[in-house]
Amino acid sequence: MKIIQNPIELKEILRKEKKSIGFVPTMGALHKGHLSLIKRAVSENDITVVSIFVNPTQFLPGEDFEKYPRKIEADKRLCEIAGVDYLFAPTSDDIYQDDEVLIKAPKIKGYILEGFNRPGHFDGVLQIVNKLLNIVKPTRAYFGKKDAQQLYLIEKMVKNFYLDVQIVPCDIVREDDGLAMSSRNVYLSPKDRQKALLISKSLKRASKLIMDGKRDVKELKDEMKKVLKDLDVEYIEIVDRDFNKIDKIEKNNSIILVAAKVGGTRLIDNIWV
Ligand code: PAF
């Protein structure tokens with residue numbers, strides 16, 4: 001596995017590789033969720049590139065940019081074992097210049113839910129993902145469904161900017177007890193980790209009700225609220241796969257999303273129904 005810090009160097013090396021390229025962008029502190037994306041990329045492409053970059057522009061002032069877990073040595077070993085060919089690990093100075101051309105997330109879909117609670121977050125995500133896609137020029141890029149709105153907006157950017165890449169959505173990976181894998185789970189105390197299980201439980205409750213034939217969104221949200229009553233909930237929302245609000249569940253076209261704070265840690269989770 002080659003480790004490369006300089007974007008131009010990586011770009012030049014990859015241009016010479018006349019093969020399919022799978023790309024997994026990450027902010028590091030790799031867990032089983034990332035590894036499932038990496039494994040899929042390795043199995044579906046000739047070459048796999050993983051990036052590790054804690055992107056400052058997607059964190060709001062006061063968020064956890066400084067304390068975001070950084071485990072570069074462990075990450076390198078995991079990537080090597082998983083069969084990654086190139087690990088791209090730039091610094092901010094390698095990636096960002098002064099007074100850049102900026103990308104704005106769409107005014108509506110970029111400023112609801114996550115975008116409402118973290119205004120400007122998706123501008124930063126799209127800025128970095130656009131750069132990464134242009135550096136790597138992958139055949140396929142792999143993103144987790146856990147960041148459902150991020151995935152939606154990246155697909156939209158690819159479409160709006162006519163980018164030549166296939167975005168591959170990947171299923172959420174959970175701990176045995178249901179907690180969705182996240183690099184931020186390390187912030188949770190044992191007590192908070194137990195409380196955090198209410199999030200996946202609320203989603204399971206909604207999914208059970210849907211299996212029992214319930215379709216009314218208000219009714220489902222009310223039931224979820226009951227499960228989540230001890231958490232500091234930011235939103236419980238049910239949207240279609242284009243992130244439009246809906247009144248009734250549309251089978252195979254709906255996403256149920258939750259964001260809540262447990263202790264000081266903000267967690268998100270969702271299910272696609
Ligand atoms: O999902 C993430 O880890 C990040 O938002 C991403 C896509 C790597 C951009 O920094």
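Since we're looking at a predicted model, the values are computed, not measured. Order of appearance sets the numbers: ligands from 1, and atoms from 1 within every ligand.
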- Message: One residue to check: T26. Relative to ligand 1, which of side chain, backbone, both or neither has a non-hydrogen atom less than 4.0 Å away?
- Response: backbone
- Message: Please report whether the ring centroid of F116 lies less than 6.0 Å from that of Y111.
- Response: no
- Message: Checking side chain to side chain donor-acceptor pair (under 3.5 Å) between N45 and each of R140, R40, K19, which is the one that passes?
- Response: R140
- Message: Using a 4.0 Å cut-off to any heavy atom of I128, which atoms of ligand 1 qualify?
- Response: 9 (C), 10 (O)
- Message: Tell me whether E80 is salt-bridged to R77, with the criterion being a basic N under 4.0 Å from an acidic carboxylate O.
- Response: no
- Item | M27, Q58, H34: member with heavy atom nearest to atom 9 (C) of ligand 1 | Q58
- Distance to 0.1 Å, residue and atom name: give those for the protein heavy atom nearest to atom 1 (O) of ligand 1. Q150 NE2, 2.8 Å
- Task: May I ask you to test the I238-L220 pair for a side-chain heavy-atom distance under 4.5 Å?
- Result: yes
